[in-house]
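Here's the structure, in structure tokens; my notes come after.
Below, chain A is the first sequence line, B the second, and so on; all start at residue 1.
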Protein chains: 2
Amino acid sequence: MSMPHPGLTPTSYIVLGLLRFAGEATPYELKATHAGSVGFFWAVPHSQLYAEPDRLVARGLATVRQEERGRRRKHYRITDEGVAALDAWLAGADLPRGELREPALLKVFFGADPTDVAVRQVEAHRERLATLTAIRDRVRGLPNATGPLHTLDAGIAMQEAWIAFWERLAAGSGPVEG
Amino acid sequence: MSMPHPGLTPTSYIVLGLLRFAGEATPYELKATHAGSVGFFWAVPHSQLYAEPDRLVARGLATVRQEERGRRRKHYRITDEGVAALDAWLAGADLPRGELREPALLKVFFGADPTDVAVRQVEAHRERLATLTAIRDRVRGLPNATGPLHTLDAGIAMQEAWIAFWERLAAGSGPVEG
DNA sequence: GGGTACATGTAATCAGTTACATGATTTA
DNA sequence: TAAATCATGTAACTGATTACATGTACCC
């Protein structure tokens, strides 16, 4: 009857999720995995990938095993409690509102030259789109990757929406209307 | 020859921008203004709207005037230095990558039932869309609101893109494409 | 064998979050 | 006049950001 685990942040669930996927991982491996997957839409600084696993251990949601000699790296592993916490979160009803956090928009809001910003945004989003598309083509076909695939689709859809938006803005035309 | 001001966060610029717009404002007024404008795409907790102005004062980018009696409220005003910092940022070339920060996506990524999530996201985004559309219709016509208007258009475009995405996902069909 | 890049962390600072607390107004 | 809500802040805690620091492997 897994109790809810208060105080777990998105970062916590990201690490739990990566640990479950990896079986066992060092922070550096988490960093690499994250960078090639979730990192595309949810940044986590690498220092957090060292700090968070220890927090999880303190809560009993993971365990550590430290190498005795050499680099004395720490290998983390998710516990059954950890899996339960992750599953409870996944199945849970709460879905906090997402946020945009787009600095370019902030600038436009406060009066930056829209055309100038827009032109550069179009280019940036085009690059992004190319990257994501390439990745999707590689991921497609892999089994058990439907979650990540959906996410990639979302990312691609968003890039396309942004490109359309900034292009309209760069062209100086108003909204299409309604 | 305004030097760059290191250590200013997006929150700093939001407060500077709101102060310039308002002429003079108490944190509570900042809170209200923020909630009805930038707040739609960039959240700032109210405690930061009390803390940040003092940081700006410490840097010489704003001034305070505290009431002598009664509530002893603090009224803030942007300084010329503050205006310069804001303008430098607005004109500056750096545009950090935006982020999605969408908890729903995170859940789907890590294996939550996509249909379940999608159905609820569609509803949430529809509400959001209605809100933004209503606001845009009010803002349209106001003079000197082109920055905010563009922002609203962006928000609306994003909501529509999300709705389309989640609807496809809820319908269980793959991406359109090939 | 010296440099460069990758790997692996720790420490200090600071912003952000949450919670609490009280004063003023409105309304029932 | 009691209750509820709005206004106005402060305090404590903790996560996130930045910077630093060192170890190991590779390559020229």
How does protein contact run along nucleotides 9-16 of chain D, one letter per nucleotide 5' to 3', with B for base contact, S for sugar-phosphate only, - for none, heavy atoms under 4.0 Å? BB----SB

Just by distance, with hydrogens left out, do B:Glu67 and B:His75 show a side-chain donor and acceptor under 3.5 Å apart? yes

CG of B:Leu30 versus C1' of D:dC6: gap in Å, rounded? 17 Å

Over all atoms of both residues, closest heavy-atom pair of A:Ala85 and A:Leu8: CB-CD1, 4.4 Å

Any salt bridge between B:Glu24 and B:Arg77, counting N to O under 4.0 Å? yes

Return the value, rounded to whole Å, for the distance between atom CG of B:Leu56 and atom C1' of C:dC14. 15 Å

Starting at atom NZ of B:Lys31, determine the distance to atom C1' of D:dT5, rounded to an integer number of angstrom. 11 Å

Tabulate below the donor-acceptor pairs under 3.5 Å that side-chain atoms of residues 10-19 of chain B make, not counting sequence neighbours, or state none.
unit_1  : atom_1 : unit_2  : atom_2 : d
B:Ser12 : OG     : B:Thr9  : N      : 2.9
B:Ser12 : OG     : B:Thr9  : O      : 3.3
B:Ser12 : OG     : B:Thr9  : OG1    : 3.2
B:Ser12 : OG     : B:Glu52 : OE2    : 2.8

Closest heavy-atom pair, B:His34 versus B:Trp42, reported as atoms and distance to 0.1 Å, is NE2-O, 2.8 Å

Counting only N and O atoms by type, is there a donor-acceptor contact under 3.5 Å from the side chain of A:Lys107 to the main-chain atoms of B:Trp89? yes

How long is the line joining CD of B:Glu67 and P of C:dA24, in whole Å? 11 Å

